[in-house]
Participant: 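Below is the structure I would like to discuss, written out as structure tokens.
Note that the structure is a prediction, hence the values are computed from the model and not measured. As the structure lists them, so they are numbered: ligands from 1, and atoms in each ligand from 1.
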Amino acid sequence: MIKEQFVVTSAQMRDIEGRIFAAGMPVAALMEKVAGLISDRLQVIIPKGRCVGILVGPGHNGGDALVVARELHFRGYQVWIYQPFSKLKELTNQHFQYAQSLGIPCFQEIDKVPNCDFLIDGLFGFGLEREITDYIAAAINYFNAWNKQIFSIDLPSGLHTDTGEVLGVAIRATQTFCLGLWKQGLLQEQALEYIGQAELIDFDIPLADIDAVLGEVPKIQRITQTTAIGTLPLPRSPITHKYKSGHLLLICGSRRYAGGAILTGLGARASGVGMLSIAVPESIKPLLVSHLPEALIIGCPETETGAISHLPLPEKTHLSSFSVIACGPGLTQDSTPIVQQVIESDVPLILDADALNILAQLGTISTLKKRQTTTVLTPHTGEFHRLFPDISYTNRVKAVQTAAAQTGAVVLLKGARTAISNPEGVVWINSESTPALARGGSGDVLTGLMGGLLAQAAIKQTPIEDVVATAAWWHSQAGILAAAERTELGVDAFTLTQYLMKVLLDFT
Ligand SMILES: NC(=O)C1=CN([C@@H]2O[C@H](COP(=O)(O)OP(=O)(O)OC[C@H]3O[C@@H](n4cnc5c(N)ncnc54)[C@H](OP(=O)(O)O)[C@@H]3O)[C@@H](O)[C@H]2O)[C@@H](O)CC1
Ligand SMILES: Nc1ncnc2c1ncn2[C@@H]1O[C@H](COP(=O)(O)OP(=O)(O)O)[C@@H](O)[C@H]1O
Ligand SMILES: [K+]
């Protein structure tokens with residue numbers, strides 16, 4: 001595990017830091033080390049000599065900010081301090097006294113602070129536990145209204161460390177310097193607009209202390225390039241053959257949504273899967289053949305609305321001849337029998353889009369209870385709510401953990417920060433993506449890509465949730481790459497499929 005992978009709650013961070021102090025590291029020394037690292041980063045970002053306003057809170061977040069204030073002051077920046085609190089923690093108070101003794105202007109009244117272009121937010125860190133109110137809330141609104149660059153220490157002040165919820169009001173940061181280990185709240189979708197650009201400031205927390213605190217609880221991890229690349233079916237064995245690289249069956253599409261079937265097929269193609277079969281209604285079979293000549297297109301009998309009515313598999317090729325089945329994109333809700341059939345099969349299964357809506361109608365938990373093999377659900381928030389009406393997804397980490405535990409499935413909740421959990425509560429969070437993906441069809445691409453990767457993973461016995469996480473990472477990295485070359489408006493789902501391969505060229 002690399003530092004960038006760990007994700008902690010405020011309680012876990014408190015325990016980890018507690019071990020460091022108990023081992024003899026003086027708190028003041030750690031504060032000096034941490035704030036020194038932040039000062040170094042800021043001196044690279046903020047032009048020399050500029051005016052910098054330091055917002056100081058009552059706890060050690062404020063202590064960090066005061067050390068930063070002192071360091072920038074000595075480096076020639078025009079520093080002032082806003083510190084409206086009457087009761088400061090001991091160490092914070094000492095730093096405050098020293099800053100005043102250096103002649104750094106300090107203000108307690110908000111309307112006295114001079115204007116400046118850069119603010120350092122050291123009001124609250126992972127010690128914030130209750131709603132921010134009255135004059136502190138007013139101050140945060142006041143500084144947000146300046147629309148200047150704000151650099152937050154550890155977390156934007158006002159965000160709940162674990163859920164990312166805004167506790168009354170929160171600083172809208174341009175950049176957030178997260179200290180030591182990623183806080184869970186920074187990886188939650190609802191926090192995104194407050195965090196700005198987030199980066200980790202590593203202050204050499206010993207792995208032994210991390211393991212001692214996180215060891216026994218289910219891991220909540222951040223997907224990184226390292227973890228994702230490590231799960232890819234690369235390099236290939238020189239003596240492999242097409243049946244050793246998995247056989248994926250996609251069941252998708254309808255007369256109304258032919259495009260969804262094509263996009264899912266193209267996502268699967270990009271995964272490198274050895275054999276690809278795609279079951280679609282007979283009437284759109286020619287279309288699929290023309291887009292995916294390498295795939296075996298199975299034309300299915302269709303309902304009068306043009307949905308798949310059942311699989312016409314010839315006797316010899318029954319479902320269990322496939323490594324994985326991915327079912328759902330573009331099916332419409334008129335294809336319940338086929339969804340029931342695949343759920344009742346003993347083949348590893350991905351359910352997406354309309355297959356999820358049908359599953360919700362059939363009864364999520366009761367229907368899936370019968371399954372003994374791998375099931376992956378890939379809802380977006382709307383589908384999630386239909387599947388699990390009683391699970392709140394304010395804390396998306398808790399939401400996927402609960403849904404996975406209830407169903408025994410791996411649950412991927414799509415969004416700006418996609419979260420994945422296995423039934424034991426092991427969570428992956430995809431912390432890098434792009435709003436360019438927020439377009440119809442990009443989810444279909446993910447389903448195909450994921451199906452292809454899972455079909456290949458069966459060979460390597462890779463944990464299912466690791467493969468699902470790699471698919472989410474690969475998919476969003478392709479979106480990021482495409483957006484960089486074509487802007488965030490230029491990533492339609494078909495284009496996205498064309499960028500999937502470029503990602504690997506960049507990273508392998
Ligand atoms: N552990 C370490 O030594 C290290 C910590 N580090 C740094 O310290 C940060 C953690 O420090 P922390 O624990 O002091 O908490 P922090 O967030 O600064 O302040 C919370 C204080 O605010 C108060 N308060 C809370 N809610 C409030 C509200 N709504 N409105 C008003 N007041 C409110 C509350 O006081 P209370 O009123 O509850 O007595 C509490 O004392 C961490 O994020 C990192 O930046 C690093 O330097 C590494 C070494
Ligand atoms: N704001 C966003 N930022 C980053 N990724 C997003 C955002 N909104 C949606 N996505 C991603 O785009 C895809 C949308 O999938 P989905 O909603 O299923 O679309 P569709 O069903 O139309 O294919 C998902 O992978 C999701 O994670
Ligand atoms: K802060």
Participant: Minimum heavy-atom separation for Leu496 to Gly479, with atom names?
Facilitator: CD1-N, 3.5 Å

Participant: Are the side chains of Ile358 and Leu351 in contact, using a 4.5 Å heavy-atom criterion?
Facilitator: no

Participant: Does any donor atom in the side chain of Asp162 or Thr9 lie under 3.5 Å from an acceptor atom in the other side chain?
Facilitator: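 Judged by distance alone, the side chains do not pair up.
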
Participant: Got a donor-acceptor contact below 3.5 angstrom from the Thr174 side chain to the Ile150 backbone?
Facilitator: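 Yes; judged by distance alone, with no hydrogens or angles, the pair exists.
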
Participant: At a non-hydrogen distance cut-off of under 4.0 Å, which region of Leu128 contacts ligand 1 (side chain, backbone, both, or neither)?
Facilitator: both

Participant: Of all the atoms in ligand 2, which lie at a distance below 4.0 Å from a heavy atom belonging to Gly440?
Facilitator: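 So the answer, numbered in order with elements, is 22 (O).
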
Participant: Judged by atom type as modelled, is there a donor-acceptor pair below 3.5 Å linking the side chain of Asp121 to the main-chain atoms of Leu123?
Facilitator: yes

Participant: Quick one: does Ala353 get a heavy atom under 4.0 Å from ligand 2?
Facilitator: no

Participant: At a threshold of 3.4 Å, where the distance has to be below it, does the K ion (ligand 3) have an N, O or S atom of Gly57 nearby?
Facilitator: no

Participant: For atom 3 (O) of ligand 1, what's the nearest protein heavy atom and its distance?
Facilitator: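 Among all protein heavy atoms, the one nearest atom 3 (O) of ligand 1 is His60 ND1, 3.0 Å.
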
Participant: With a cut-off of 3.4 Å, does any N, O or S atom of Leu155 fall short of it relative to the K ion (ligand 3)?
Facilitator: yes

Participant: Hey, is there an N, O or S on Ser152 sitting under 3.4 Å from the K ion (ligand 3)?
Facilitator: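 No, Ser152 does not qualify, because none of its backbone or side-chain N, O or S atoms lies under 3.4 Å.
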
Participant: Between Asp121 and the K ion (ligand 3), is there a contact where an N/O/S atom of the residue lies under 3.4 Å from the metal?
Facilitator: yes

Participant: For ligand 1, which atoms sit closer than 4.0 Å to a heavy atom of Ile132?
Facilitator: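 Per the distance check, 29 (N).
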
Participant: Among Glu17, Lys33, Met13, which residue places a heavy atom closest to atom 1 (N) of ligand 1?
Facilitator: Glu17

Participant: Below 30° counts as parallel, above 60° as perpendicular, anything between as tilted: where do the rings of His385 and Tyr393 land?
Facilitator: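 Plane angle over 60°, so perpendicular.
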
Participant: State whether a side-chain donor-acceptor pair under 3.5 Å links Gln361 with Gln333.
Facilitator: yes

Participant: Using a strict cut-off of 4.0 Å, indicate which atoms of ligand 2 neighbour a heavy atom of Gly441.
Facilitator: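 Answer for ligand 2: 20 (P), 22 (O), 23 (O).
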
Participant: For atom 44 (C) of ligand 1, is some protein heavy-atom partner under 4.0 Å away?
Facilitator: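 It does; a protein heavy atom is within 4.0 Å.
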
Participant: Hey, are Thr163 and Glu165 close enough side-chain-wise for a donor-acceptor pair under 3.5 Å?
Facilitator: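 Glu165 vs Thr163: donor-acceptor pair found between side chains.
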
Participant: Under 4.0 Å, heavy atoms only, figure out whether ligand 2 is touched by the backbone of Asp352, its side chain, both or neither.
Facilitator: neither

Participant: Side chains of Gln97 and Asn93: any donor to acceptor distance under 3.5 Å?
Facilitator: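 On atom types as modelled, these side chains qualify, holding a pair under 3.5 Å.
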
Participant: Say whether Lys414, considering both its backbone and side-chain N or O atoms, lies within less than 3.5 Å of an N or O atom on ligand 2.
Facilitator: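 Yes, at least one N or O pair falls under 3.5 Å.
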
Participant: More than 12 heavy atoms of other residues, nucleotides or ligands under 6.0 Å from OH of Tyr82: yes or no?
Facilitator: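 For Tyr82, atom OH is crowded (more than 12 foreign heavy atoms under 6.0 Å).
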
Participant: For ligand 2, which atoms have a heavy atom of His380 less than 4.0 angstrom away?
Facilitator: 16 (P), 17 (O), 18 (O)

Participant: Need one value: angle at the K ion (ligand 3), Ile153 atom O versus Ser157 atom OG, rounded to 10 degrees.
Facilitator: 170°

Participant: Can you tell me if CZ on Phe494 sees more than 12 non-hydrogen neighbours from other groups inside 6.0 Å?
Facilitator: no

Participant: With a heavy-atom distance limit of 4.0 Å, tell me whether Asp444 approaches ligand 2 through its side chain, its backbone, both, or neither.
Facilitator: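 Both parts.
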
Participant: Looking at atom 39 (O) of ligand 1, what's its closest protein heavy atom, distance included?
Facilitator: Lys87 NZ, 3.6 Å

Participant: My understanding is that we take every heavy atom of each candidate and find the minimum distance to atom 18 (O) of ligand 1. Doing that for Asn61, Leu155, Val67, Leu91, which one comes out nearest?
Facilitator: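 It is Asn61 that holds the nearest heavy atom.
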
Participant: Would you mind running through ligand 2 and noting each atom that sits below 4.0 Å from a heavy atom of Thr434?
Facilitator: 3 (N), 4 (C), 5 (N)

Participant: Going by the atom numbers of ligand 2, which of them fall below 4.0 Å from some non-hydrogen atom of Ser433?
Facilitator: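 In order of numbering, the contacting atoms are 4 (C), 5 (N).
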
Participant: Has ligand 1 got any nitrogen or oxygen that is less than 3.5 angstrom from a nitrogen or oxygen of Val34?
Facilitator: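 No, Val34 has no N/O under 3.5 Å of an N/O on ligand 1.
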
Participant: Nearest heavy-atom pair of Ala99 and Ile81: which atoms, and what distance?
Facilitator: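 The answer is CB-CD1, 3.7 Å.
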
Participant: Between ligand 1 and Gly57, can you find any atom pair, the residue atom being a heavy atom, that is separated by under 4.0 Å?
Facilitator: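 The answer is no: ligand 1 sits nowhere under 4.0 Å from a heavy atom of Gly57.
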
Participant: Given Gly330, Ala471, Ser442, Ala472, which one has a non-hydrogen atom that is nearest to atom 14 (C) of ligand 2?
Facilitator: Ser442

Participant: Show the atoms of ligand 2 that are less than 4.0 angstrom away from any heavy atom in His475.
Facilitator: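 Numbered from 1, ligand 2 contributes 25 (O).
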
Participant: Could you check which of Ala419, Ala416, Pro329 puts a non-hydrogen atom nearest to atom 2 (C) of ligand 2?
Facilitator: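 Looking at heavy atoms only, the winner is Ala416.
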
Participant: State whether Leu123 contributes an N/O/S atom found under 3.4 Å from the K ion (ligand 3).
Facilitator: no

Participant: Check if Arg14 has a non-hydrogen atom at a distance under 4.0 Å from any atom of ligand 1.
Facilitator: yes

Participant: Do Lys414 and Phe384 have side-chain heavy atoms sitting under 4.5 Å apart?
Facilitator: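 A side-chain contact is absent here, since even the closest heavy-atom pair is not under 4.5 Å.
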
Participant: Kindly state if atom 35 (O) of ligand 1 has a protein heavy atom within a strict 4.0 Å cut-off, that is, under 4.0 Å?
Facilitator: no

Participant: Can you sort out which atoms of ligand 2 are near Thr418, meaning under 4.0 Å from one of its heavy atoms?
Facilitator: 27 (O)

Participant: Record the part of Leu167 in heavy-atom contact with ligand 1 below 4.0 Å; permitted values are side chain, backbone, both and neither.
Facilitator: neither

Participant: For the pair Glu432 and Arg417, find out whether any cationic side-chain nitrogen is under 4.0 Å from an anionic carboxylate oxygen.
Facilitator: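 Judged by the 4.0 Å cut-off on N to carboxylate O distance, Glu432 and Arg417 do not form a salt bridge.
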
